[in-house]
Amino acid sequence: MIKSEAEIEIIRKAATITVNGIKQCATKIKPGVDERYLEGILEGDFKINGSQRLAFGSIIKSGPNSHWPWRILATHYNRRNRVMENGDLVIFDVGCEYEQYVSDIGRTFPVSGKFTDRQKEILVMETKIADEIIKFLKPGITFKEIQTLTNSIIPADAKKYMQVGLFFGHHLGLSTGDPNIATAELKPGMVFTVEPWYYNHDENISVFTEDMILITEDGCEVLNADLPRTPEDLERLIKG
């Protein structure tokens with residue numbers, strides 16, 4: 001679970017490639033474009049920048065598709081090529097592999113180029129939860145403590161829509177599901193994701209933000225900090 005300095009540098013590179021790919025792909029988001037087209041732009045950019053292969057099948061899902069976990073969408077062959085429409089949100093849950101090590105990053109964009117007030121409200125709520133988790137991370141705490149914190153900060157009216165695991169993420173390394181021990185204390189060199197999901201079928205709004213975290217000697221570092229996550233900055237990415 002604890003990565004060497006050499007491993008961390010490779011993972012940093014994988015994160016950088018993924019951030020660049022998402023930025024390039026964001027400029028292609030608009031009504032009338034389909035999900036597989038965006039996959040092509042993203043995955044081509046990964047390879048241009050040195051990635052040997054994908055960390056996992058790229059998950060780019062919009063509108064009604066965004067309300068379903070990848071494991072459900074993946075069972076429907078033609079459900080992964082939806083044409084995006086005005087008013088949709090499109091979720092990126094993507095990663096590349098570089099020199100055997102992986103990345104995994106997520107963002108949510110408005111297909112029209114601008115979030116509605118309600119979409120923005122939910123995204124701000126979800127990223128605030130992620131921010132609070134990240135601020136809490138440091139050596140010595142356990143994943144159980146992270147879960148306790150997160151359960152305490154999710155707004156009551158959002159709890160039934162939050163799809164989360166033991167510690168709201170998973171370890172990264174040679175795999176996007178690198179081995180871990182649920183009772184382990186955080187130690188410098190651990191790398192994992194923070195990703196509180198929000199799936200609201202009642203309002204047809206789903207948002208997803210995923211960041212790669214490195215535990216340091218006195219706290220943590222977001223390895224994909226160069227990728228914007230506020231509604232305003234995400235809108236600017238689409239405009240180029």
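Everything quoted here is computed from the prediction, not taken from an experiment. In what follows, residues are counted from 1 in the order of the sequence shown.
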Residues in side chain to side chain contact (heavy atoms under 4.5 Å, CB included) with [X], at least two apart?
X: Glu217; result: Pro188
X: Ile10; result: Tyr98, Glu99, Tyr101
X: Gln119; result: Leu89, Phe115, Thr116, Ile205

Hydrophobic cluster membership, Ile48 vs Ile60, 4.5 Å side-chain cutoff: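 No, because Ile48 and Ile60 fall into different hydrophobic clusters, even though each may have its own neighbours under 4.5 Å.
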[Y] side chain reached by [X] side chain, heavy atoms, under 4.5 Å:
X: Asp93; Y: Phe56; value: yes
X: Pro196; Y: Thr150; value: no
X: Asn20; Y: Gln24; value: yes
X: Leu186; Y: Phe143; value: yes
X: Thr142; Y: Thr183; value: no

Between [X] and [Y], is there a side-chain N and carboxylate O pair less than 4.0 Å apart?
X: Glu35; Y: Arg82; answer: no
X: Arg36; Y: Glu39; answer: no
X: Arg236; Y: Asp233; answer: yes

Whether the Glu221 and Thr216 side chains hold a donor-acceptor pair (N or O, under 3.5 Å, no angle test) is what I'd like checked.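 No, no side-chain donor-acceptor contact under 3.5 Å.
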Under 3.5 Å: donor-acceptor pair, side chain of [X], backbone of [Y]:
X: Glu132; Y: Ile129; result: no
X: Lys61; Y: Trp68; result: yes
X: Lys159; Y: Asn151; result: yes
X: Thr193; Y: His170; result: yes
X: Ser103; Y: Cys96; result: yes
X: Thr108; Y: Ile91; result: no
X: Asp178; Y: Ser175; result: yes
X: Lys3; Y: Leu214; result: no

Pairs in or reaching into residues 18-30: which pass salt bridge (Lys or Arg N to Asp or Glu O under 4.0 Å), with residues at least two apart or in two chains?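 Listed by first then second residue: nothing to list.
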By the salt bridge (Lys or Arg N to Asp or Glu O under 4.0 Å) test, which pairs, at least two apart or in different chains, include something from residues 203-213?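 Found Arg107-Asp211, Arg118-Glu203, Asp211-Arg229.
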Parallel, tilted or perpendicular, judged at 30° and 60°: which one describes the rings of [X] and [Y]?
X: His67; Y: His201; result: tilted
X: Phe192; Y: His171; result: tilted
X: Tyr198; Y: Tyr161; result: tilted

Shortest non-hydrogen contact from Ile17 toward Ser51: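 Of all heavy-atom pairs spanning Ile17 and Ser51, the closest is CD1-N, 3.9 Å.
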Considering all heavy atoms, the nearest Phe208-Phe92 contact: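 Closest approach of Phe208 to Phe92: CD2-O, 3.8 Å.
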With sequence neighbours left out, write down each residue that passes side chain to side chain donor-acceptor pair (under 3.5 Å) with Thr209, or none if nothing qualifies.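 If we apply the side chain to side chain donor-acceptor pair (under 3.5 Å) test to Thr209, skipping adjacent residues, the hits are Glu126.
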